[in-house]
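Below you'll find the structure, written out as structure tokens, and then a few comments.
Just so it is clear: chains get the letters A, B, ... in the order the sequence lines come, proteins before strands, and each one is counted from 1. Basis for what follows: all heavy atoms, side chains included, without hydrogens, waters or symmetry-related copies.
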Amino acid sequence: MAARRRLVSALLVFLCASSVFSGAESQEATLTGGHRAAAVDDPPTDTERAEQAAEQPAVEERRWEATEVEEATPDEAAGEKQDTSAPGTAAPSSAPQPKDDFQEELVVRPLHSGDIYASFQFRTLWETDFSRENKVSHYRLFPKSLGQVISKFSVRELHISFTQGYWRTMQWGQPFLPSPPGAELWVWFQDSVTDVDGTWKELTNVLSGIFCASLNFIDSTNTVQPSASFKPLGIGNATDHRFLRYATLPREIVCTENLTPWKKLLPCGSKAGLAVLLKSEKLFHSSFHSQAVHIRPVCEDRQCKTTSWELRQTLNVVFDFYTSGQGKREWSLFKMFSRTLTEACPLASSSKIYIDVTDNPQGEQFELSPATALLSQAVVLGDRRTFSVYDLTQQITFGSVRSLNLLIRWKTTEGDMLRPLLHAERYVAGYGLQTGEIHTLMYNNHPYRSFPVLLLDSVPWYLRLYIHTLTVTSKGKDNKPSYIHYQPSKDRLRPHLLEMLVQLPPNSVTEVTVQFERALLKWTEYTPDPNHGFYVGSSVISSLVPSIVAMDTNGTLKRPLFSSFFPCKEESSFFVRIYTEPLLVNLPTPDFSMPYNVICLTCTVVAVGYGSLYNLLTRSFQIEEPSPGLAKRIANIIRKMRGVPPL
Amino acid sequence: MLRQRTHVTSRCGRVMDRRRSSEPRRQDRVTVDNNNMGLLSDPNRRRALLGLLTRLNAPICVVCYMAGVAWFMGLAFEPFTLRTYMSENAMGSTMVEERFPAGERALATGREFAAHKKKTGGMPVDWLVRTMQARGLEVFTQSFSRTLPFPDENKERYMVKGTNVYGILRAPRAPRTEALVLSAPCNPGDENNQAVGLLLGLAQYFRNQIFLAKDVIFLVNEHDLIGMQAWLEGYHHTNTTGMDWSPLQGRGGSIQAALSLELSSDIITSLDLVLEGLNGQLPNLDLANLFYAFCQKIGVLCTIQGKLQRNDWDSVSGYSHAVQTMMLMVMKQASGRPWGDHGLFLRYHIEAATIKGINSFRQYKTDATTIGRLLEGMYRKLNNLLERLHQSYFFYLMPSLSHFVSIGYYMPAFGLLAVILLLRALDLWVQLMTPPPRTEDGVIDIEQSSPGVLSVLTPLVISHLTGVALYMLPVRFQEMAVEHFPVSETEAVVLTAIAVYTAGLALPHNTHRLLAGEGTEQGWRVLKLVAVLYLAVLLGCTALINFSLGFILALTLVPVAAFVTPHVPKVLSAFILVILSPACTLLFSVFFFQELQEMPVSFQDGWVLYLSVISQGILDHVLYGSLVYPLIALLVYPCWLLFWNILFWK
């Protein structure tokens, strides 16, 4: 019996591996495709560990079972833990117990500039309904703090990101998940919420506590309701932007105190799995750091009969090989994170590392070790990429030393700058402290196709935009936006909101300029460091960009001819959101110091002096004998008669 | 109860009484107060004071003038000045350790740059782009072109075309909101190669460091100030002077501070700090303090105005040394021109200075590594800045690098000169006002004495038209002048300017006689009153913006304004007036400046220098927007013409 089972398992492993090799994993790599709820939870018992360590065949068996379970209808964990040896016999559970699932993965992409981009994604799925009357009380993988937030504030979708640094599109290409410098928060509320602003205020304060960030500084002066730029990413067809709130804090500085609470939301914490790599002393010794939490409802199955909540925690980091590599162009997990991997998170149904080897088909750019035979293809951001895959749930990945330390050794020097299809920058023009001009440049580097972009600008009230000076020009000609949504600011209440749909001609630079006047603040409204300047958050540019795959003229050799004439729908364009740099604008600032007081005092004295001088110059003075009062006159007459000198 | 109540009422009554009784007393006091406080409200006292002022007007004016000059000369005396100190906390307390090791390699890069420069016969753009890219910078170029209004004979350029190359070192985890600039001009010939080499060396060194919080922009600009102007205008997307430049592709946010580096030899003996920028603007004093602090720390000889600091302030030679240093600063500031590439940054509220390496064959030698360490230290401290440099002074004079004179100390010197004008104006006002009350029927008197608007307005308009001609004609008429006279364009411009200036003296200023009859005694008094007040306002505003210019103009124009009347001896006065006119002031300043720099010139050379200074002044105005030339031509010169007019009043 045992022998037969081992044979079957070996066969299945082989099949599984080959299917992986032929690109079946592309769905997983795109990360947004349908998912199968796979409830694999084996809390590691000591006996099991011992078994794994001792006996290789048993490990293989586990692999097979895991794969099998993923394909079969998932069962509940209680039975699974004991009865691991009965694949196929598990019946679909009839009890409507909430099912949850956790996946983790790390994508490492050697960047064009020679830097290394590491992107962690942790996904927790939970089939439950937070908006139900009876409160959800039993939490397993899903963090309770966030679950309570969702149910208390009737959140439909929540996206929050903390970023330190600016993503360099020209050097690094597009990120998997874009985010602006500082903190960004956008939330869709359920239709049932009546007081959206009040709920938003409370929610930001609660999140501020959860993530140890200054989100409580989000108030009406930096919150906007974009009408078009931020559509729900989950299921649901909500388009009423009254239930949407969007705010950024470009000044927010992200550091370890934000990372620790973020890590605590993970089922395994930072104890096991990929999260052991998240050591703050290395993560913050990088060129770019971004961490995010996205919560949204997603479909459970193809028919979308049931929905479940998806919590996606992402962490993107770019390491600079100059500053830490000391000139040696060599990368390893240990060098990046000062840790190696020894195991997957036991609660994870899938735990994989992907290395982007697209630019390196023959290993001419860099050398990857240990080599893996598993390859996966996926279309990411309009580009067909090939990845080497390391499955951490399989013990073979860790090899004989029982630890995985991926090593990338560069062979070539860094290349030129990239020309991403869509690229944007922004700056303040002019000099002096009275007026200025915000320039937003959007580059369409596509050789022959134009595409529309949605530009969202949220400018604080103390920059008073002159909206009549708004110009949009591309290639020296006026480019009339097909849609403009402008909400003027109210002093100390709400910011300017400007949304535009602009068509970018092929191979062009489109320039959006608008002039502004710098307001003079009340003296209590200045920050403690007024001479640093005031921040204006990033503009957001959202667009469907024509895919690079469609630009591919020679075609991929693997594809048959009949499939390659018309560019297929999914690949013809892809969604890109890019953020421009935030602006630092100096406002007219009084010199809050002793000379300032002296000047104030002097001005007062001068004003008083001027007043009296003016008085002197404009009035004529005459000597006038005051006429004495009646009593005095009578007294004087009497005195005169008496011969006494008058009063 | 009742008793109490009555008591209360009686009390109230008493209170009321007291109040009533106090009222007249208070009135009395008010009148007394008026007499005491309002010194001028009392006609008797007022008359006495006015009498005193008019009687002693001339002596007071002389005393004020002397006091003003003495005060100014006292500014350089060390016990009267303040020691410099670092005001900015972010730069003061933090320690940085300088580790820049690669001075030799930087010099080698500089030599390589020189070779490529020689090969391409100009800016080796491709080589620079490649080298900067290899050092891990984001590299961009900017091309610009500019046709000068007339050929610049000092630098031998007319149609300027060039390219700026700059590389941005992106700071890790910084959101591109702040930047620092290090620039080195690419000069023709063998100059400044070491600066470019050191710049590239620093770029390479900074690339490997983790501490940067602001982007650092390494800029190599061609055609010194013109290239810098193009780059700054491109960066801030403004166009103040009509230059053609291609837009910039990469930026680093708002620039916090900038240093421009000029090094022309491998080994230097001292570093000179240049602060004076466009229109006499100065960077925040903390930038100078920072430079001085690091020179002290690393042990590099540092100078300002090319003068070392001396410790013997109590000796005559020590004092005169300090005066020389300060006077050099005053002269440079008054010229209103940028004295280094940093000068153009100041318009954009970017604190900037030029650091010049000087090789004067002294014993004390400094190598490139040390200069690199000095720059590294300065940039690390600038990198620590949380706010723009704003804590320290923006208006100051420096008699040495370790001492400064703040605005509060030097302004009284100007104030003492300016008060002369006000005193003279008061005197004239009193003279104009006193006759009418003497006669009984004032109506006829007023009609007689009021000189009519025309007689004042005519000279005002004519002199200003002359000023406009002086401003417009030289550049406009250069072609015509070149056609008709055997001179070059530049000479034509300068000589036209001088010709217009002299022609202004010969204009028929007394045209008012045709319009309003014979000039009266009252007439010139009114005109002089207007002219004196005009000069007071003009000098006051100038001194607020550019103290040195205001002070130098006040020094020469105030005596003119004070003494000129139609009754003084004509020839002698005319001679004095011409000597003290703005053009002659400039001529003397040229000689004086050469004297201060210990490079005295003969009269011939001085004259040539004078002509070139005029052409440079006009060029500075057209190219960079310096305001000195229009100020002199449109305002100061017409004002001076008014006094000339008064002298020849008939």
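Contact of A/Asn586 with chain B is made through the side chain alone, with heavy-atom distances under 4.5 Å. Contact of A/Pro250 with chain B is not made at all, since no heavy-atom distance falls under 4.5 Å. For B/Thr177, the parts lying under 4.5 angstrom from a heavy atom of chain A are both the backbone and the side chain.
Between A/Tyr431 and B/Tyr348, the angle of the ring planes goes over 60°, which puts this pair in the perpendicular group of the 30/60° scheme. Taking the six-membered ring where tryptophan is involved, the planes of B/Phe218 and B/Phe206 are tilted, since the angle between them lies from 30° to 60°.
With chain B as partner, the option from A/Ala429, A/Ser612, A/Pro582, A/Ser286 having the largest number of non-hydrogen pairs under 4.5 angstrom is A/Ser286. The choice from A/Glu581, A/His439, A/Arg426 that makes the most heavy-atom pairs within less than 4.5 Å of chain B is A/His439. Between chain B and the options A/Asn531, A/Thr163, A/Leu584, the largest number of non-hydrogen pairs under 4.5 Å is found for A/Asn531. Interface remark: of the candidates A/Tyr427, A/Tyr443, A/Phe288, A/Tyr166, A/Tyr427 forms the most heavy-atom pairs closer than 4.5 Å to chain B. Listed options B/Gln249, B/Gln256, B/His349 were ranked by heavy-atom pairs under 4.5 angstrom with chain A; first place goes to B/Gln249. Contact tally against chain A (heavy-atom pairs below 4.5 Å) for B/Arg170, B/Arg173, B/Glu233: the top residue is B/Arg173.
Nearest approach of B/Glu88 to B/Arg388, heavy atoms of both residues: OE1-O, 4.2 Å.
For B/Arg130, there are no salt bridge (Lys or Arg N to Asp or Glu O under 4.0 Å) partners, not counting sequence neighbours. In this structure A/Glu425 satisfies the salt bridge (Lys or Arg N to Asp or Glu O under 4.0 Å) test together with B/Arg251, sequence neighbours excluded.
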Next on the checklist: Does B/Trp231 form a ring pair (Phe, Tyr, Trp, His ring centres under 6.0 Å) with B/Phe140? I'd like the steps, not just the answer.
Outcome noted: CA-CA 11 Å; B/Trp231 190 79; B/Phe140 305 93; over 10 Å; no

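A donor-acceptor contact closer than 3.5 angstrom links the side chains of A/Tyr579 and A/Glu184.
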